[in-house]
Enquirer: 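Okay, here's the structure, questions in a sec.
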Amino acid sequence: MSFTYFQLFAASLLSVVTYLLLQRRQRPPLPFPPGPKGLPLIGNLRDLPNEPGSWLKYEKLGRDIGSDILHLELFGMHLVVLNSEKASNDLLEKRSSIYSDRPQLKTLAELLDLGSWSLSFFPYGSKWRDWTKALYVHLQPAGVRRYHPVQTKAARQLLSNLLDTPQDFLKHTRQMVGQATLKIAYGFDVDPRDDPNIARTDDALQGISVAQSRGNIFNFVPFLIHFPWWFPGIGFKKDADIYKRKLEQSRDIPYEAVKRALEENRAAPSIAASMITDLSEKSTPEAIFMARGLPHNIYAGGIDTTTAAVQSFVLAMVLYPEVQKRAREEIDSVLGHGHLPEFGDQDALPYLKAILYEVLRWNPLAPLGVPHLLTENDVYNGYFIPAGSMIFFNSWAILHDPTTYPEPSKFKPERFLDPAARAPLPDATFGFGRRICPGRFLALDTVWITIAGMLAAFEFLPAIDADGRPVPPAQEFVFLLAS
Ligand code: HEM
């Protein structure tokens, strides 16, 4: 049966209205958590969680109404924002058996087909469990030590690139993370300045950011996915196929290259090589597909987040010269002037470690996390949270809670050293419960070796304008949903 577009539109509208009416009649057994007032029909459309700065808005709103848990509604969909570590732990960690699903974000999961091979979008279930288990074989704390030489080499290359063209530090930092990650995931030695593999993968990943902004409407008004691309507001649908293909190519080209290299006995050790080698004639199609898809998750999960952490560190150093001075003094006193720190020096450099934690706390890289999905009705602190709610943890609010981190907007690494009032580690930056970031141990090491080398080798100063006056750096952060 075929429908005209008008029929489709009318049917969708009718189903929304029916749904809303049903919602009105089915009163929840207890009140929903408090939240911003919505408009009729569209609910909180104007308060969407991945608008820039929405984490600040939710943090303030929670403070104003005295609740660490907020509720929003959009076309009958329930969204819950957790503003405290306690609420996040109580729900996402302690009740993780019902809070570990992911919303099937139409734009990414369906239009770009990431729902079938990007771990972040997998529903909670056996496929997610198999892929996560396979990932941890390579990324658990003891295992990631084997990547130290690769991470050290990439960090040293960054120093050399920065020496040549310091003004390109944004590009160089991304290149450094790409270099380390492609070596770990695929065994590739990349061109130290401009690598085609990095360029191709980054170009493909751009599709995710574009989809998040231009195609976000599909996540909240899912029935629009059935409308033609020329329908107002959904022009992204026309480009989605191109992005989908690019993403598949960025997954398949490196995989095929490793397979070929293994057949010709010239493959370097890597996660992809090890997974392909473990395949046999008895392997299921799903296991073969996992070997193809999982290594790409390591690149996609790590590139934006780890790069942003290093860039956020540079910003902090420019804004807080006294911190870089103290860190450099620590390095010089422990290693002697002119030596670059190695991983073995970590314990002897506590201030440097504290800078790493403060970087992750000061500007959490995913300030509203990656949403979880609740699979059963739940009650928390007398509030009703219906099954199907999207749960956002506001890691920005958690890591800027002044009772845990006094003067939270200041970059103060010493908060992690003070023996009398030591602040808790900024674990919230990596999420909660069963969906916590599996790449966190790898990321911590990459960022540490990078910032250690940069502090030992360089001084970070603000740019100078035409009159020789220092120009304070702009501070602007956007929501990342790349993991
Ligand atoms: C500083 C760097 C990083 C930060 C701040 C970060 C942060 C996060 C956050 C907040 C989540 C969502 C957790 C949750 O839902 O509770 C996540 C998930 C994820 N991260 Fe990371 N991440 C980083 C680096 C990495 C790296 C290096 C990898 C590479 C392996 C990675 C791979 C992933 C994957 C695959 C997921 C999805 C897990 C799932 O849905 O089960 N991340 N990350």
Side-chain angles (χ1 to χ4, degrees), residues 55 82 85 88-89 91-93 96 99-105 108-109 114-115 117-125 127-140 143-144 147 150-151 154 173 176-178 180-182 184-185 205 271 290 293-313 356-357 359-373 390-396 398-399 425-448 450-451 477 479-483:
W55 47 96
L82 306 174
E85 177 134 40
S88 305
N89 268 324
L91 300 182
L92 305 180
E93 191 90 44
S96 60
Y99 277 89
S100 295
D101 207 355
R102 290 276 194 225
Q104 285 309 289
L105 298 173
L108 302 177
L114 290 173
W117 60 280
S118 178
L119 191 53
S120 313
F121 305 107
F122 283 5
Y124 181 58
K127 180 170 173 178
W128 170 81
R129 226 169 275 121
D130 290 348
W131 284 51
T132 303
K133 212 166 126 201
L135 196 54
Y136 273 117
V137 168
H138 302 280
L139 298 182
Q140 15 90 354
V144 292
Y147 309 124
V150 172
Q151 290 161 309
T173 44
M176 180 277 300
V177 180
T181 314
L182 283 181
I184 292 167
L205 290 176
I271 295 177
M290 194 204 294
L294 200 64
H296 191 281
N297 278 269
I298 295 167
Y299 190 92
I303 186 76
D304 282 340
T305 45
T306 315
T307 305
V310 175
Q311 293 174 352
S312 181
F313 155 79
L356 168 69
Y357 294 142
V359 165
L360 298 172
R361 183 205 69 80
W362 188 51
N363 286 314
L365 289 325
L368 275 180
V370 180
H372 291 216
L373 188 97
M390 267 197 216
I391 316 289
F392 293 83
F393 52 91
N394 190 342
S395 55
W396 194 93
I398 295 168
L399 296 169
L425 296 184
D427 295 335
T429 207
F430 291 113
F432 291 90
R434 298 183 194 181
R435 300 306 288 244
I436 192 170
C437 174
R440 60 198 184 281
F441 309 112
L442 184 70
L444 285 168
D445 282 354
T446 305
V447 181
W448 185 86
T450 308
I451 68 176
F477 297 94
F479 183 81
L480 281 176
L481 188 82
S483 282

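Keep in mind that this is a model prediction, so the values were computed, not measured. Numbers here simply count residues along the sequence, with the first being 1. FYI, side chains are in, hydrogens and waters are out, and symmetry mates aren't considered; it's all heavy atoms of this structure. In listed order, ligands and their atoms are each counted from 1.
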Enquirer: Using atom types as modelled and distance alone, determine if a side-chain donor or acceptor of N363 lies under 3.5 Å from a backbone N or O of S312.
Expert: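 No, N363 side chain to S312 backbone: no donor-acceptor pair under 3.5 Å.
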Enquirer: When only distance counts, is R440 in polar contact with ligand 1, meaning an N/O pair under 3.5 Å?
Expert: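 N/O-N/O distance below 3.5 Å does not exist for this pair.
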Enquirer: Would you indicate whether the side-chain heavy atoms of I184 and Y299 approach each other to under 4.5 Å?
Expert: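 Contact flag for Y299/I184 side chains = no.
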Enquirer: Will you find, in the side chains of S100 and R435, an N or O donor that is under 3.5 Å from an N or O acceptor?
Expert: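 Absent: no donor and acceptor within the cut-off.
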Enquirer: Please identify which atoms of ligand 1 are closer than 4.0 Å to at least one heavy atom of T429.
Expert: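 Near T429, the atoms of ligand 1 are 5 (C), 7 (C), 10 (C).
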Enquirer: Taking only heavy atoms of G302 into account, list the atoms of ligand 1 that are under 4.0 Å away from them.
Expert: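 Counting atoms of ligand 1 from 1, those under 4.0 Å from G302 are 25 (C), 26 (C), 27 (C), 28 (C).
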Enquirer: Counting only heavy atoms, tell me which of L294, L139, V447 gets closest to atom 30 (C) of ligand 1.
Expert: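 Looking at heavy atoms only, the winner is L139.
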Enquirer: Among P438, G431, S88, which one puts a heavy atom closest to atom 36 (C) of ligand 1?
Expert: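 Considering heavy atoms of P438, G431, S88, the nearest to atom 36 (C) of ligand 1 sits in P438.
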Enquirer: Regarding ligand 1, does R434 bring an N or O atom to under 3.5 Å of one of the ligand's N or O atoms?
Expert: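 There is no such contact.
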Enquirer: Locate the shortest heavy-atom distance separating T306 from V447; write the atom from each residue and the value.
Expert: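 What the structure gives for the nearest pair is CG2-CG2, 3.8 Å.
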Enquirer: Would you tell me which option among V370, T305, L368 has the nearest heavy-atom contact to atom 23 (C) of ligand 1?
Expert: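 Shortest heavy-atom distance from atom 23 (C) of ligand 1: T305.
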Enquirer: Show the numbers, then the answer: is there a side chain to side chain contact (heavy atoms under 4.5 Å, CB included) between F313 and T173?
Expert: CA-CA 11 Å; F313 155 79; T173 44; over 6 Å; no
Enquirer: Consider ligand 1: state whether an atom of it lies below 4.0 angstrom from any non-hydrogen atom of F393.
Expert: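 Yes, F393 has a heavy atom closer than 4.0 Å to ligand 1.
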Enquirer: Counting distance only, does the side-chain N/O of S96 pair as donor-acceptor with the main-chain N or O of E93 below 3.5 Å?
Expert: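 Flag set: sc S96 to bb E93 pair under 3.5 Å.
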Enquirer: Show the atoms of ligand 1 that are less than 4.0 angstrom away from any heavy atom in I298.
Expert: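 Counting atoms of ligand 1 from 1, those under 4.0 Å from I298 are 29 (C), 30 (C).
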Enquirer: For ligand 1, is there an atom lying under 4.0 Å from some heavy atom of R102?
Expert: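 Yes; R102 lies near enough to ligand 1 that a heavy-atom distance drops under 4.0 Å.
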Enquirer: Taking it one step at a time, do D445 and Y147 satisfy side chain to side chain contact (heavy atoms under 4.5 Å, CB included)?
Expert: CA-CA 9 Å; D445 282 354; Y147 309 124; over 6 Å; no
Enquirer: Less than 6.0 angstrom from the centroid, inside 45 degrees of the normal: does R129 satisfy that with respect to the ring of Y124?
Expert: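 Satisfied, under 6.0 Å and within 45°.
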Enquirer: Could you check whether any heavy atom of W128 sits closer than 4.0 Å to an atom of ligand 1, since that is the contact criterion I want to use?
Expert: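 Yes.
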Enquirer: Tell me, do I398 and S88 make a side-chain contact under 4.5 Å, heavy atoms counted?
Expert: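 Counting from C-beta outward, I398 and S88 do come under 4.5 Å.
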Enquirer: Looking at ligand 1, does any of its N/O atoms fall within less than 3.5 Å of an N/O of F432?
Expert: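 It does: an N or O of F432 is found under 3.5 Å from an N or O of ligand 1.
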Enquirer: Which of the atoms of ligand 1 are close to L119, meaning less than 4.0 Å from one of its heavy atoms?
Expert: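 Matching atoms, with element in brackets: 35 (C), 40 (O).
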